[in-house]
Every structure is written in C-alpha cells, then in structure tokens.
Amino acid sequence: MPRKRTLKLSTFNVNGINSRLPNLLEWLEKEKPDIVALQELKAADQAFPADVLEAAGYGSIWHGQQSWNGVALLGRHTAPVESGRGLPGDATDKQSRYIEAAIHGIVVAGIYSPNGNPQPGPKFDYKLRWMERLAHRARSLVDLPHPVVVMGDFNVIPADEDVYDPRSFRKDALFQPESRRAYERLLKQGWTDSLRHVFGEKRIYTFWDYFRQHAERDRGLRIDHLLLNPVLAKGLIEAGVDRWVRLQEKPSDHAPAWVRVSIP
DNA sequence: ATGGCGATCTATGATCGA
C-alpha cells in the first residue's frame, strides 16, 4: 500500500499582519499548517514581513495595499508558484483581494471578499459584482483534474445557523439574500463547503467581534470558508477552527479555519 | 436604534471593518 500524505490547509484573516505578527508566528509554530491563506494584511507590498515568515519556515507570495485589504499565500518549507493576482473581470478594480498559486501540488485561490456595508449602496453593489467575478474565476477552476481550494474571508453568512443572532443581522450586507444566493451559486458549481460538510448540524464560527466579550461567550459568525473541488473533496479527512487563537492577547477578530486532506 | 472595540493614517479625530 502506498502511504498517502496529508496536508493541513488553513485560512486566517489577520486584521493587520504587522500588528498581528507575534500572534501569527505562535499559531504557525503550534499548528504547523502546510498551506495558508492570509487576508486583511493592511500593509503595502514593501511592508510585508516575508523575511520573518521565511525564518519561521514559510515561503510566501503577497498582494499588499496600504491601509486596507491585502492577501497572501504561505507554503510550509516551500515557495508558492504564483498563477495570478487581482481578481479578473474589472481592470479598474485596484483592491487587493485575490491571489492564486500552486503549493504542495494544490491549486490555491486566496480571497478576501468585500464587506459590502452599508447596504444598499455602492459598497454593496461592489460586493455583489465582485462575487460574480469570483464565480466566473471559480467556474474555470472547479473541474480541473488537479486538487483545488478556494479559501478565505467570503464575508457571507451562508445560513441562519451560521450567526449567533440572525435577527440582529437582518440588515447586514453579510446576511442579505443577494449575498447568500451568490455564495449558494458558487457552491452549485460543485464546491464542497468543508466546515459545513464536516460539522453537519453543529454550529461552528470563525469570527467574533470585539464587543461585549463575544469571543469568550462564543457569539460569532461563520464567514471564513474553505471550498474544495471534487478532486480535493475526495481526500477531506477533518476540518476545524483554531479558536484558541481568538482568545489570545491582542487577537484578530477572526480565528484560523482549516481542513486536513489526503493527497494520493 | 445605537454603540460597543481595534487598526490605520488623514493622526490627537476620521474612517473602516463585520
């Protein structure tokens, strides 16, 4: 029997990579993810701490932006081979929200979907247009004969079970029927929503706001997702959220979400 | 209905996030 190797894939919205660096390094050391997507770097390209990550054992590529947004991909003991940056479909869109690479034999798309608040309004329109563009790119990835993951902060609460208090989010862009339909359309291409697939009826959150001890009380949202194409979904072993990271000192408001997969 | 917190620069408040 040939032994299968397993890989841990993780997505983490760090909410400022330089202010979060000690937190990020501790997490990498403890959890040792093989492939990582980071969002909300909030740093220009020249401010990305590639040397520190390299010293911690991770090769990286990144698409930075001053103050806002920004995405990166990391490979444990390997350099990601970039295949794209910037979401196709609108040459006027300068926001850094998409990066794509081959890492450990997996095609990885790291995404940071727009928040979209307040809605209605131009920010919500931009969110929906961006998600349409993502669906277009995802369609060309889903049926590849290679393992593919699209992971990141989708800024969509897929269902009532994915928010601690659905009523209080009725007017929120993350919870609008249009946002949820856009996410649903994406899944219908053939992607597996890893956390929901593994957790079934059980609640699992990836974000808790900074107010009223919501993290400690586990009053959160599930908005960070890992979508696996059919080739990769066959190897899905387990999934989870490293909630301990959210309970550290000076944490991001998100925790890393992850899957473990076997690769033939 | 609002604001609560935290990060960033425009910096001692304004803006954004979710």
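Every chain is numbered from 1 and lettered A, B, ... according to where its sequence line falls, protein lines coming before strand lines.
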Mind checking the [atom1] distance from [N] to [M]? Whole angstroms is fine.
| N | M | atom1 | answer |
| --- | --- | --- | --- |
| B:dG6 | B:dT10 | P | 23 Å |
| B:dG13 | B:dG4 | P | 16 Å |
| B:dG3 | B:dT8 | P | 24 Å |
| B:dA7 | B:dT2 | P | 26 Å |
| B:dA18 | B:dA1 | P | 24 Å |

Open item on the list: Please enumerate all residues that pass side-chain contact (heavy atoms from CB on, under 4.5 Å) together with A:Glu26, with sequence neighbours excluded.
Closed with: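 If we apply the side-chain contact (heavy atoms from CB on, under 4.5 Å) test to A:Glu26, skipping adjacent residues, the hits are A:Lys30, A:Trp244, A:Gln248.
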Return the value, rounded to whole Å, for the distance between atom [atom1] of [X] and atom [atom2] of [N].
| X | N | atom1 | atom2 | result |
| --- | --- | --- | --- | --- |
| A:Glu249 | B:dA7 | CD | P | 12 Å |
| A:Asn18 | B:dG6 | CG | C1' | 16 Å |
| A:Asn23 | B:dG6 | CG | C1' | 13 Å |

- [ ] Look only at the side chain of A:Tyr98 and the backbone of A:Ala109, and say whether a donor-acceptor pair between them is shorter than 3.5 Å.
- [x]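 The answer is no, because no donor-acceptor pair under 3.5 Å joins these two groups.
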Task: Expected output: side-chain A:Tyr205 to main-chain A:Ala215 donor-acceptor under 3.5 Å - done: no
TODO: Evaluate the ring planes of A:Phe12 and A:Trp27, with Trp represented by its six-membered ring, and classify them as parallel (under 30°), tilted (30 to 60°) or perpendicular (over 60°).
DONE: perpendicular
Open item on the list: For A:Phe154 and A:His225, take the angle between the two ring planes, folded into 0 to 90°, and tell me which bin it lands in: parallel under 30, tilted 30 to 60, perpendicular over 60.
Closed with: tilted
TODO: Please tell me which of A:Asp209 and A:Leu41 maps to the more 5' nucleotide of DNA chain B, matching each residue to the nucleotide holding its nearest heavy atom.
DONE: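 So the residue in question is A:Asp209.
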Open item on the list: Protein within reach of the bases, or only the backbone? For nucleotides 9-18 of chain B, mark each nucleotide 5' to 3' as B, S or -, using heavy atoms under 4.0 Å.
Closed with: S-----BSSB
- [ ] Before accepting this row, confirm whether a basic side-chain N of the pair A:Arg97/A:Asp153 lies closer than 4.0 Å to the acidic partner's carboxylate O.
- [x] no
Open item on the list: Taking only side-chain N and O atoms of A:Arg212, does any of them lie within less than 4.0 angstrom of OP1 or OP2 on B:dG3?
Closed with: no
